[in-house]
There are 4 protein chains.
Amino acid sequence: MTQSKRFFSDNTASVCPEILEAITAANRGLTIAYGDDPWTQRLDEVLGEFFATEVRAFAVATGTAANSLALATMAPPYGAIYCHPEAHIAVDECGAPGFFSGGAQLERIEGGNAKLSAAALAAALDGHAVSVHSVQPAAVSISQATELGTAYRPAEVAALTEVARAHGLHVHMDGARFANAVRYLDCHPGDVTWRAGVDVLSFGATKNGALGAEAVVFFHLGLVRDFELRRKRAGHLLSKSRFVSAQLLAYVESGVWRRNAERANAFARRLGQAAGKRLLHPVEANEVFIRLGAEGKASLRAAGFEFYDWGSAASGAARLVASWDQDERHVEALCAALTAM
Amino acid sequence: MTQSKRFFSDNTASVCPEILEAITAANRGLTIAYGDDPWTQRLDEVLGEFFATEVRAFAVATGTAANSLALATMAPPYGAIYCHPEAHIAVDECGAPGFFSGGAQLERIEGGNAKLSAAALAAALDGHAVSVHSVQPAAVSISQATELGTAYRPAEVAALTEVARAHGLHVHMDGARFANAVRYLDCHPGDVTWRAGVDVLSFGATKNGALGAEAVVFFHLGLVRDFELRRKRAGHLLSKSRFVSAQLLAYVESGVWRRNAERANAFARRLGQAAGKRLLHPVEANEVFIRLGAEGKASLRAAGFEFYDWGSAASGAARLVASWDQDERHVEALCAALTAM
Amino acid sequence: MTQSKRFFSDNTASVCPEILEAITAANRGLTIAYGDDPWTQRLDEVLGEFFATEVRAFAVATGTAANSLALATMAPPYGAIYCHPEAHIAVDECGAPGFFSGGAQLERIEGGNAKLSAAALAAALDGHAVSVHSVQPAAVSISQATELGTAYRPAEVAALTEVARAHGLHVHMDGARFANAVRYLDCHPGDVTWRAGVDVLSFGATKNGALGAEAVVFFHLGLVRDFELRRKRAGHLLSKSRFVSAQLLAYVESGVWRRNAERANAFARRLGQAAGKRLLHPVEANEVFIRLGAEGKASLRAAGFEFYDWGSAASGAARLVASWDQDERHVEALCAALTAM
Amino acid sequence: MTQSKRFFSDNTASVCPEILEAITAANRGLTIAYGDDPWTQRLDEVLGEFFATEVRAFAVATGTAANSLALATMAPPYGAIYCHPEAHIAVDECGAPGFFSGGAQLERIEGGNAKLSAAALAAALDGHAVSVHSVQPAAVSISQATELGTAYRPAEVAALTEVARAHGLHVHMDGARFANAVRYLDCHPGDVTWRAGVDVLSFGATKNGALGAEAVVFFHLGLVRDFELRRKRAGHLLSKSRFVSAQLLAYVESGVWRRNAERANAFARRLGQAAGKRLLHPVEANEVFIRLGAEGKASLRAAGFEFYDWGSAASGAARLVASWDQDERHVEALCAALTAM
């Protein structure tokens, strides 16, 4: 079946069995809505154990909502939010941070492999003359794994957050592919988040096996204050919250977060090795960026492989994303095709 | 089990089997995300057949999102949105219409049984001096069924929309309990919507058996223009859209919309009859508003029945909501308790 | 000259000589812009003396800006702002509070003579069930003088602010005609503001002799925090601030605030007496509301008097506003015409 | 007097006599407020003659308001606004475009001498993959003169607007120093605006002799539609509009726009010549950017000259702005000091 040769995105994946079972198991009887249910009430505790610290965690249905609701609690309408030019919040969310925050301004900072460096952040902040005429530096947002499939080391995150803290900025991490990064780093989830100074994490599960579940995890509990009101007001407080909370609980408690990420990462690693010199960025999570050229793309597509161009069609670059439920035979076939090029 | 004596809200209900099956059935293979999947691509057609006219339909996860996204396409930031003081958008959505529209202003119009009358709307519009100093009348939003469990007749809707049209207003219907109203009215879904002049309907399934699925149904296709961008920007474009679309398809195609509404309405009707003179509003959908007094409430609660006060605790009024999966024995028990009071 | 028989509004008035002189006097040499000029730097001190307490005062060019910037510092986007249905912010500012606050919701409370009573405010707040689903009560805004030309007594303001404080609300006073009210009350400016619990005052000078100058006066200094950023961001930080500050200084220091208000009030009082039984509201400032009927209006207009209908043209009601530079002979002529009716 | 050795900004200048006289002349009698006065009613005609085409012109008090109100009529909340990284709207307006538009996103495009080139704009637009996930390219904003004191030639503007038009973008020109640019270019005001494809111009007078007056000039009349409502809603419809309109009329009709710009430009030219190799950008309007070094700055400041650092204090760069009412002897003294360095 041609369909399963899709390497478009991990969003194309299905829901993994453990999570679908958890949804089904939560489907019993009448339960108070809007979060006063037994599943949602366990979220803080279960995610607190996962991160090994006290947290407040809130379930939402999309990553865009998680990111922008988090940022709106961190940045006033006249705030500046620092991010990489490739950041999902800057490129792929139709301006959501501006909408949720009431007009906060994105300030982009370049950096290799889609990473912000502490030095570049410091330079940007030092170069930003703060007065009543300027937007006020308020937050920095980094992606883990990044949009180019790389992962910040704990020390890189810590260096960044130190600069941020010194300038009074809050730190947000877009963890749409957080599990993939943690698996690659082989570290504790706390190591690249609160222990490294992250205030709020968008903890994604959807791309890694859930139906639609992202947790906004607050390590900085003082920021929770207006989050709940913003969430409701934005239509992101789900009435039957048990079903999204049950997904998150299963994701963490069953260990599928790790197993699925491992599988996707392994596939990507194999694709990266097969790509050889064509590789554009290190493969550290489940995404592979390669130089294919027009001909290369055409030949792979003719063989039934589906993937997105990266940048313009003319650029010759392509993005391959491996998801947890990719058919292993198709990964092998794609590796073979890449090797043969 | 005490738990199932809950008459808090139809949001407490579980997911009905047909819809859970549809979710499970959609969970196969890799499917393009963000709406380019076979389920989502059938939405327009299936809902078009349901309403017997051409529509554009968009799935979102909550009623608040459906209502406010719809209104934001209908009202500019400097617009006025007319509604009943009891409207969900005015009371229960934490100011969502103001957020989504960029500050549009709600103008409340009183009316018996939570209904807006054409005459009251006309009076309000005639009394609103439109100039550059005033907000600009832009939309009217009515709820079907209303927040007090009553249903607009097709002719009532038509009379309202005629006034609205004459003043250049778009018409939105909050159909969080649309199925309950249509069942009561025993009419075609088109009769109280597009045939009666409604431009956009928030077509709710969550309260009536879905896991979390609401469709924003555009009868006025010219309004679709910026909806999709607003939806994405607000974090309401679900990546794994197939699962919300599959719910909506099952809801409509299997007929559970009707069966579930019928069951809930029937329960409410029985409760209403048992309440007798205590009844505060006609029971036309699945909600029952009764005068109980402090003692009456206490005695029902002592017997394990759970329900919300209506208005302040001191008011003596209560709201009982019957959902599709209410245990019939508990309904009978509550009827008996009411009769005995 | 027909032109001067205008009783449309005190906005039609010219600039009084003392204020025009102050503008001219400020026009010397190069002065640092955006408020770092000697005039602006005296504002806090001079207004502090005027109100007999420490204040922070900020000049803006319009009353709409003053009101909405003040309210935006007091109410979060998910806040509720309580006001009278006739309030300028609700009726005449094209939805400005929603714009500046990012969508805060107006909650109207009825009251005779356009006044909010403490009891009505308490009832509204007690009837507002506060939860994550509702907008959060944040501020109350009252007008002094009111939109119907009446003035709150200090004790009335104090009673209102006590209720507000008990519910955690900030208190804003729209003082577009503040001088007229204070003159009528014959009290100290502090008596109806900070001594009575007002947090922020929009202190209008434009209607009473200035060219375009309103001060946002903060008695609650803790609220100043984000005001300056909101002001700049909204385009209300004037580059040549000296000219607006000079107006405010002259307005207060020269005593024209009092003299002009006295003159306008006296004219209105005479018109009110002449109107006799036609009077709809007590004349306490410089506005007169009368029942004229279609014929009465027509005959006055035929005689060259200009004024606005109040409510719809059909209502038969009219508003007459006396400004400080009304020609006394025209006031006399209008009194005579009213007496003769 | 040390005070007049200020080269901080043209905002420090006083009001030129012709404009102050126009204000005084407008101060007669009672005039209908909010724009229905004889001065405001002539604006369209007078500015239409000035630009030699039909226009709709609206007076506001600040450049920030002019720019952001214009942009808000051109870009939806989900729009992208292209500008240079040095643009006033990006750097000096505290995020105003995001506020007025409801969250539109700025996209910066580099270019020498603070200019956007047609090629760079085309590249940026071609590189922006437009989908429901991205902000939608909506407008481009250029500054004339630029923030680095250079001026776009008519052909440069035309080339830019051609690219913009081909991609469906509206074109805004921030003309805070429009007169300075036109004087330098020695062209007709229409040549660098509507004849070159500009849709809306922020036509500044404040920096060039007015008290506080900027006109938003619409060449694209179809864009006027919601401007007036946005202006009122933002508190920028001045009640005593005659005084701002009178300034604009005098500015254009008396020819002071040209005379003042000529004087300021001539001063800047002389300073630029004196600066010699220290010059960082061509002097084409009334701003001069020079490399001074810490010592150079200190010595000039010790001699009583006041000016701002450009960039960080450490950069060694400085900005000198010449205004129309600079004392010629101070310009000469500064030239001598620069020459002697």
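Within every chain, numbering begins at 1; the chains are lettered A, B, ... in the order of the sequence lines, protein sequences first and strands thereafter. This structure is a prediction, so every number in the text was calculated from the model and none was measured.
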Student: Counting only non-hydrogen atoms closer than 4.5 Å, does Q105(B) touch chain C with its backbone (N, CA, C, O), its side chain (CB onward), both, or neither?
Tutor: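 Just the side chain, heavy atoms under 4.5 Å.
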Student: Do H172(B) and S202(B) have side-chain N/O donor and acceptor atoms under 3.5 Å apart?
Tutor: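 Yes, because at least one side-chain N or O of H172(B) sits under 3.5 Å from a partner of the opposite role on S202(B).
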Student: Top residue by heavy-atom pair count (under 4.5 Å) with chain B, among C94(C), G95(C), G103(C)?
Tutor: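 The candidate making the most pairs under 4.5 Å is C94(C).
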Student: Side chains of E214(C) and T206(C) only: does a donor on one sit below 3.5 Å from an acceptor on the other?
Tutor: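 Present: a donor and an acceptor within the cut-off.
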Student: Do D10(C) and N208(C) meet the criterion of a side-chain donor-acceptor pair at a distance under 3.5 Å?
Tutor: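 Distance-only check fails for D10(C) and N208(C).
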Student: Between V132(B), V91(B), D126(B), who has the most heavy-atom pairs with chain C when the cutoff is under 4.5 Å?
Tutor: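 Top option by heavy-atom pairs under 4.5 Å: V91(B).
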Student: Can you see whether H133(C) engages E93(B) through a side-chain donor-acceptor pair at a distance of less than 3.5 angstrom?
Tutor: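 Side-chain D/A pair, H133(C) to E93(B): absent.
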